[in-house]
Structures are given as structure tokens and as C-alpha cells.
Amino acid sequence: MIEQLNPYQSQAVTHEDGHALILAGAGSGKTRVLTTRIVWLIQQKLISPHAILAVTFTNKAAREMKSRIAAMLPINVGGMWVGTFHGLCNRLLRAHYRDANLPQTFQILDNTDQLAAIKRILKAGNFDESKFPPRDVLRFIASRKEEGLRPDAVQAQDPYSLRMVEIYRLYEAQCQREGVVDFAELLLRCLELLERNPVISQHYQQRFQHILVDEFQDTNRLQYRWLQCLAGPRSFMFAVGDDDQSIYAFRGARVGNMVDFERDYAKGHVIRLEQNYRSYGHILNAANALIANNTERLGKNLWTEQGEGEQIRVMELASDHEEAQWVVDEVRALIRDGMSRSDIAILYRSNAQSRVLEHALFTSGIPYRVYGGLRFFERQEIKHALAYLRLTASLDDDNSFLRVVNFPARGIGARTLENLTDQARTYSTPLAQAVARVAGKAGSSLVQFCGLIQRLTEASRTLPLSELVDEMIEVSGLRAYYQTQRDGSERLENLEELVTAAKVFEIEQSFSGLPAGLTPRQINQNSPDPFEQAPAIGQADGVDEALSPLVAFLAHASLESGDAQADDGTQAVQLMTVHSAKGLEFDAVFLTGLEDGLFPHENSIHERDGLQEERRLMYVAMTRARERLYMTLAQSRMLHGQVRYSRASRFVEEVPPEHLKWLSARAADNVWLDLAPMSTATSGRRSSSGAGFSQGPGATTTMARGVEVGGVQYRAGLQVSHPRFGEGTVLTVSGAGLDAQAQINFADVGVKTLALGIAKLTVLS
DNA sequence: ATTGTGCTCTCTATT
DNA sequence: AGAGCACAAT
């Protein structure tokens, strides 16, 4: 295994004397080094798998690492401490919930939940929402927590900040009362647990002899302190990172942690991995040239032994729809040439851009898979269902109570809820315990609602998880509600999918070496480790302490917002944001929407640091490609319901021209026709004529050839007419005989691919 | 008092 | 596109 590594990689893998910092460029085999090192530690250094802690940022990365280790070693990786910061903190807090001052069933708020909680605070305290926008409050609280500051520790002088701190304090109290934590709280609470309980932290310090951190450049202050807490005097830290790929400053990431880490721990043990095994020369050098525009880099020079490869193909199109169609046509050509669908990725800066691309892929019948965006566990029907389940697990969860008390509608309106809230506040009880005090018709509806939840709570003690979920969907009325809704069928399917997800979770739990029901046997008693001997759920000796499958499932839903959802095994083109593409690689990458204002995003253009972060993001995007990289841009784009016109991204200009191959005319000398009709096009669907659809001089090879079918010579540019689609222009032709196909841009219906042997076409010109 | 409808406003990225 | 709000209809 080590023989296949280059000298620097193997130096990193077998590093022995203390801590180390690995500066690993894009595509330099970073994950390979991490996993190989873990295997090496276990196999060669005879370190127990339990003595290793490996931290990543995304669940995807954690899964990847586990599966690679599992492939190399015959051990149960499920029991290893490999996970995301948030996931591992969750694990620790569940185990030591008493010391962390949390109920064992504490729930995790995602962004939307957190926002709802903040809105409740603002409403209850009569804060002016226009002066204190919930989003700003959320950012304020999150960034304070990421600095490790509780309300008392925040320095505030001006009236505005003082009010913010007040809201922060109220928010904390509310969360504590209701037994919920947000993402930042998971980390902060866990850190405080370790800092305040020497017995606990010493236990873990002795246990974790090796701590490995992936994507170290993305750690924030809190995470750094968390690592410092877990690393004991005899632990070795192994941090892998690339300052050029730091793209999470917006959530507190601090590249400076790398410098600090070298000063505090690595002390000169810095290993650079600069050989890139992923991309061909043009792609790599283009990315190198781009990132060279950033200042304050630690400095790295990536090189490759692979040849130059192909230039980056750049295409400018008139509109976002044409961009999408062009990308789809090109994707089809790649697939036809034998590329696997899952080796093709379409990337964009923001999730909103995926719609148009999805539409084009869908109409072309190309299987695709979208990552991120509105994820499974974030859909409204799923959130409703989860709220019922959360209430089932804990009646104190007022957030969830308010979400579903009147959904589906059961005659409990705003007025009633105001009464209820008043009662709950007066007697300082959770909402559910105040229902008895509300009289009247709505009051009895409230009592009924609570009865419903109580029945579910009872059912949760006996029913398996998936049956409980199914039962909940039924008795809550959610199923009936979505059955009556016009567009409810997809939501119904999602609810059924939730039952399946619960079933899968049950099964995984029963196989996993790491049961959800960990119990924190007293650490200072002779049991050396609470986790190694934790009983499986339902085993006699931990029943009262064990975490119920329901609570474990709810935590799972919050922490993994659903990117692992049904990978049904079909080969599909991958659609995702640049952020979620980090760490992945593909044969062909389409980088779309390269327009100033979109990428770089307009919110970051005016700050220097913002622009540098955007440039790193661009660098990440480009270095995802192995063989072929496309960059596309649209002159006009539907954004926020309005057509916007943009220029090419400055990042395209920053790439030396020798690496680029323009398929459209070069942006600067391109004259575009017919922009006006597009902006007025009422449906906003497609440009009204083919005039804007320029294929430019050097487009794909399939276009040049002609095809002869039934005595007619088809070639690009030919004007044809179709009985149903109307008039159009032939864009590309391919295949021969019965397989001959043409892509035709119809004035009325856009681009269609037709089989020439079947379609009834009339030649016009 | 509650529910449904139509209008405005916002909208970067992730755990 | 989705959420929040005002208004009308029950």
C-alpha cells in the first residue's frame, strides 16, 4: 500500500515524530493519504481503531473515508470515531448529556428551525423585525457562538448591539427550556463539556492517540479549541488542508488556523503534496494561474506528469435556457462517446441555477441527480412529519408544537395560540402543558391535539420506528391532507419515503457497531470506555438510559439533511453547487453561470476578502475536472423573476488565453442579436427565434458532418419544418442510417432531438 | 375566529 | 419559488 505512494505522500502516511501539518493541493491524493495513514497506524503501528479520531466536514467525506478503510481492513468501521465535527459532538453530548446539562432527547435545530425560534423570541419580546431582521439575528448568534462567546461574554456598548445580546440571551434561555440545540451550540456545548470536566476530557485525551483532521483550512476557532481539548499530551495530531481551498469563511472558517497549528503543534513538520494526479496540464495550469491572483497564500505549486490534455472549452450563450440546452447537448455527446454519466458533473454557484439545467436534462431524458438544494429532510411535508415525531419524543418542544398544532388545519387559529402562549408564559410551562387552561371550542381542539400526541408517544414505546412513522402520518391527518391537495402526490410520495428512510435507519442501527443507545457508564469507574461496551438498543442492561430509536432517527435527520438519500444505483449526471463539489472529481466538468455578479457573487465583489474567497471557490471548481473542463456563461438570465444581463466573469479573464478554447466568438467581439425580444418574452421560456443561438466557429465535431437519410442531405444550418413542432434550424447531426439523429432548434418549442428516419421533416432551404 | 386567496418581498454557499 | 401579509369569504 505504501509502495504506491510518492515520497511525500509516504512521508506523510508514516510520519512518526509528533504532530504534522500536510499542505495538500487539489488532487494530490489527500484522502488517500488520510485513509492510508489510518490503515498504516492500525496495521503497522498496532494502534487500536478505538484510539483513532478522524474528523471531516461533510457526511459525504466521512462515508468515503470509512468505506475506503473498510476496503483495506477487516474491521467494523461503524464503531470507529470517524465523522463530522457536528456528528461527533452529537455523539459526545448524548453520552454525557447530564454533564452537558441537556435532556437526553435533545433535538437539533437546522437553519429553518433556528429562524423560527428566533422569530418567536422577537414576537414575544415585541422587537421590531425590520430593525432586527431574523436572518441578521441568526448570523449574530451563530458568529458569537463560533467565537465561543456566551451572551455575558459579548462586548457590547451601542444600543443596537446591546439589544442583539438581549435577544441572544432570550434565545439561549428558550432553547434550554425546550431542550433544543442549534448547529453552533453542538460544538460550543461540547467544548464547554470538555473544558469543565477534566475527568471526561482526560479520558478522551488518553483514548485518542491519533487525531486526524480533514479540510483543516475550514475549521473555525471553536473547532480548533475542540481539537485542542481532545488532544492530550501524548496524542498526535495530523491535520490536512489546503489554504487555496478555504471556502467557508462565511461560516467562520479561519485559514489562520493552519498557521496557528504549525506554531502550536506541527513546529516545522510540514509536508507539501504538490503533485497532482487528477487533472491534465491545461486545466491544472489554468487553475494555478487563476489562484495566483490571490495574496497571502501559504504557497504551493501544483504540477502534473500527465500531458497538456485538452484546453478548457468556453461557450457564451444568449440566455440561461440556451446555456442549459447547450450543456445538455454536450453531455449527450459525451455519453454517446462512451463517458459514464456519473463521471460528468454540472456545477453552479448557487442552487437557484439548477432549475433550468434540470428542466433541460429532464426533457432530454438524461438521468441526473441533484445534490443539495432543497434536501429531503428540509421539504415542508417532511418537516411537518418530523415536528410530529419530535413532539412525540418530547412534549416540551414548542417550536414543533407551533409548527403542527394547526397543520393540517383543525380550527386552532392565531387568536387561540396567543391565549395559549400567554398562559404558558404566565405559568412558565411548555405550550403543551398550558392547553388545559384554554377554554372554549378551540380549547377542546387543543386537548384533542395533545391526546393525539400522547397516543403517539405511547405507540412509540411498542411499535418499531418505521411503523410509528407510518402511524403518525395517518393519525396526524397528514396523509389525508395531501391526498386532497392538487399537487400533493409528490409530497405524499416523500412521506412514504420517510417511512422507508426510517426502515433503513432501523436496519442500519441493528447492524452498526455503534448503537445509538450509548450509555455513559461512569468513566471514573473501572469501565475504561463508555463506548466500547455500550449495550445495543434494547439490551437489558441499558434500557432506561438507552437512546430511543426515535430520538436517534431525529438526530440523524437533522445532521444529515439527506444527501445520502436513495442512491438507486442508476448512473446519473451529477448536479451540485461548487461548494458541495469540494473533494470530488469527475472526468468532465461543466462550470456554468460564469458571469460577473453570479460568480463571483455580487455580495462579495466589493470586499477584497470576499473576492479572494470567490476565487478560491473558482479554483476548487476548476480542479474538480480530470480530462475535460467546460466553462459556460449566459448573457441574460432569469433571476428573482427578472431578466438580468451580465458580462463574462472576471475569472474567465484571469485564465491565460492559451488554456482556453472559445467555442463561441470571444466575449468581447461578440455581437448579439435579438436581446430585446427575449426580455419581453412573456413566458420567459425560450428566445423567440433561433437568431441568438450561435454555435460559434469551433463547435463540436459532430456538427460538421452531413448525414444522408432518404435521399436528403442533412447538415447543420439546414432549415426544416415539422408537422407538430413547426419551423426550425438543424444544429447537429449524428449517427447513420436508422440511427441518424438531428438536433433541431425549433422557433416555437426549442431544441429537440429527432430520429431522421422517423420524423416527418420537410426541407425548407 | 378561521381559512383561503392574491400580492409583495427576498434570494450565496453547509453542518 | 417560497414565505409573510392583507383582505374577503365562510
Side-chain angles (χ1 to χ4, degrees), chain A residues 55-62 83-90 108-116 119 123 129-130 133-135 139 142 145-146 181-187 215 218-220 222-223 246-253 347-356 371-375 377-380 383 406-419 440-443 445 485 487 555-563 576-583 593 597-605 610 613-614 616-618 620-621 638-642 644 684:
Chain A
V55 200
T56 64
F57 273 84
T58 64
N59 295 303
K60 215 187 289 174
T84 64
F85 278 100
H86 295 86
L88 295 171
C89 286
N90 177 49
I108 301 161
L109 303 184
D110 71 11
N111 257 330
T112 327
D113 302 326
Q114 199 185 351
L115 210 58
K119 283 179 187 166
K123 200 162 283 172
E129 284 206 16
S130 59
R135 294 193 73 88
R139 245 197 310 264
K145 287 191 183 181
E146 270 151 21
V181 297
D182 60 39
F183 284 134
E185 184 72 27
L186 276 175
L187 288 163
E215 310 278 14
D218 286 328
T219 51
N220 62 28
L222 212 49
Q223 288 157 336
S246 164
I247 56 175
Y248 284 111
F250 72 91
R251 66 168 195 207
L347 309 185
Y348 33 81
R349 175 68 178 82
S350 62
N351 281 307
Q353 291 165 247
S354 76
R355 290 195 65 83
V356 188
Y371 288 82
L374 219 216
R375 287 181 231 149
F377 286 113
E378 288 169 357
R379 290 163 199 272
Q380 67 148 28
K383 296 285 283 185
N406 196 36
F407 190 95
R410 40 175 80 88
I412 302 166
R415 202 55 217 277
T416 310
L417 289 178
E418 237 167 75
N419 282 340
K441 194 150 154 271
S445 303
Q485 289 282 304
D487 54 348
H556 164 83
S558 306
L559 289 171
E560 287 207 34
S561 22
D563 60 7
M576 64 190 85
T577 63
V578 178
H579 279 91
S580 40
K582 185 158 78 145
L598 199 60
F599 197 176
H601 195 276
E602 55 196 347
N603 292 3
S604 28
I605 273 177
E613 174 141 323
E614 293 287 305
R616 290 193 292 267
L617 199 51
M618 179 76 177
V620 168
M638 207 43 148
L639 221 60
H640 316 159
Q642 282 196 327
R644 302 200 353 174

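By convention in this document, chain letters (A, B, ...) are assigned in the order of the sequence lines, proteins followed by strands, and residues within each chain are numbered from 1.
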Glu418(A) CD to dT2(B) P, in whole Å, measures 10 Å
Does Arg415(A) or Ile247(A) map to a spot on DNA chain B nearer the 5' end, using the closest nucleotide for each? Arg415(A)
Let me confirm one number: the CG-OH distance from Leu617(A) to Tyr248(A), rounded to the nearest 0.5 Å. 8.5 Å
Using atom CZ of Phe57(A) as one end and atom C1' of dT14(B) as the other, report the distance to the nearest whole Å. 10 Å
Given atom CG of Asp182(A) and atom C1' of dT14(B), what is their separation to the nearest angstrom? 14 Å
Duplex segments of DNA chain B, taken as runs of at least three Watson-Crick or G-U pairs that stay under 3.5 Å: B:1-10 with C:1-10
So, do His579(A) and Tyr348(A) have ring centers that fall under 6.0 Å from each other? no
Nucleotide dT15(B), atom P - distance to CZ of Phe183(A) in whole Å: 8 Å
Spell out, as yes or no, whether a donor-acceptor pair under 3.5 Å connects the side chain of Asn419(A) to the backbone of Thr416(A). no
Please name the pair of heavy atoms, one in Gly83(A) and one in Ala62(A), separated by the smallest distance, quoted to 0.1 Å. CA-CB, 4.0 Å
Proximal nucleotide (of dT15(B), dT14(B), dA13(B)) relative to the Tyr248(A) side chain: dT14(B)
Taking NZ, NE, NH1 and NH2 as the nitrogens, is one of them in Lys145(A) or Glu185(A) under 4.0 Å from a carboxylate oxygen of the other? yes
Counting distance alone, no hydrogens or angles: does the base of dT15(B) have a donor or acceptor under 3.5 Å from a partner atom on the side chain of Asn111(A)? yes
Got a second to check how far Ile247(A)'s CD1 is from Asp218(A)'s CG, nearest 0.5 Å? 6.5 Å
Roughly how many Å is it from NE2 in His86(A) to C1' in dT14(B), rounded to a whole number? 9 Å
How would you label the contact of Ala414(A) with the nucleic acid (heavy atoms, under 4.0 Å): base, sugar-phosphate, or nothing? sugar-phosphate
With the side chain defined as heavy atoms from C-beta on, Arg355(A) is closest, among dT14(B), dA1(C), dA1(B), to dA1(C)
Phosphate contact (dA3(C) OP1 or OP2) by Lys119(A) side-chain N/O below 4.0 Å: no
Under 6.0 Å from the six-membered ring centre of Tyr371(A) and within 45° of its axis: does the NZ or CZ of Lys60(A) meet both? yes
Under 4.0 Å between a side-chain N or O of Thr577(A) and OP1 or OP2 of dT14(B)? yes
Between Thr416(A) and dT2(B), is there a side-chain N or O to OP1/OP2 distance below 4.0 Å? yes
Nearest-Å distance for atom pair CD/P, residues Glu215(A) and dT15(B): 12 Å
Quick one: which protein N/O atoms are closer than 3.5 Å to N/O atoms of nucleotides 3-10 of chain B? Pair and distance per line, please.
residue: dT3(B); atom: OP1; partner: Gly411(A); partner atom: N; Å: 2.8
residue: dT3(B); atom: OP2; partner: Asn406(A); partner atom: ND2; Å: 2.9

Nearest whole Å is fine: how far is dA3(C) P from Gln380(A) CD? 6 Å
Which heavy-atom pair separates Gln353(A) from Gly593(A) by the least distance, and what is that distance? NE2-CA, 3.8 Å
How many angstroms lie between atom CZ of Phe85(A) and atom CG of Leu187(A), to the nearest 0.5 angstrom? 8.0 Å
Whole-Å distance between dG2(C) P and Asn351(A) CG? 13 Å
Heavy atoms of Glu614(A) and His601(A) approach each other most closely as OE1-N, 2.9 Å
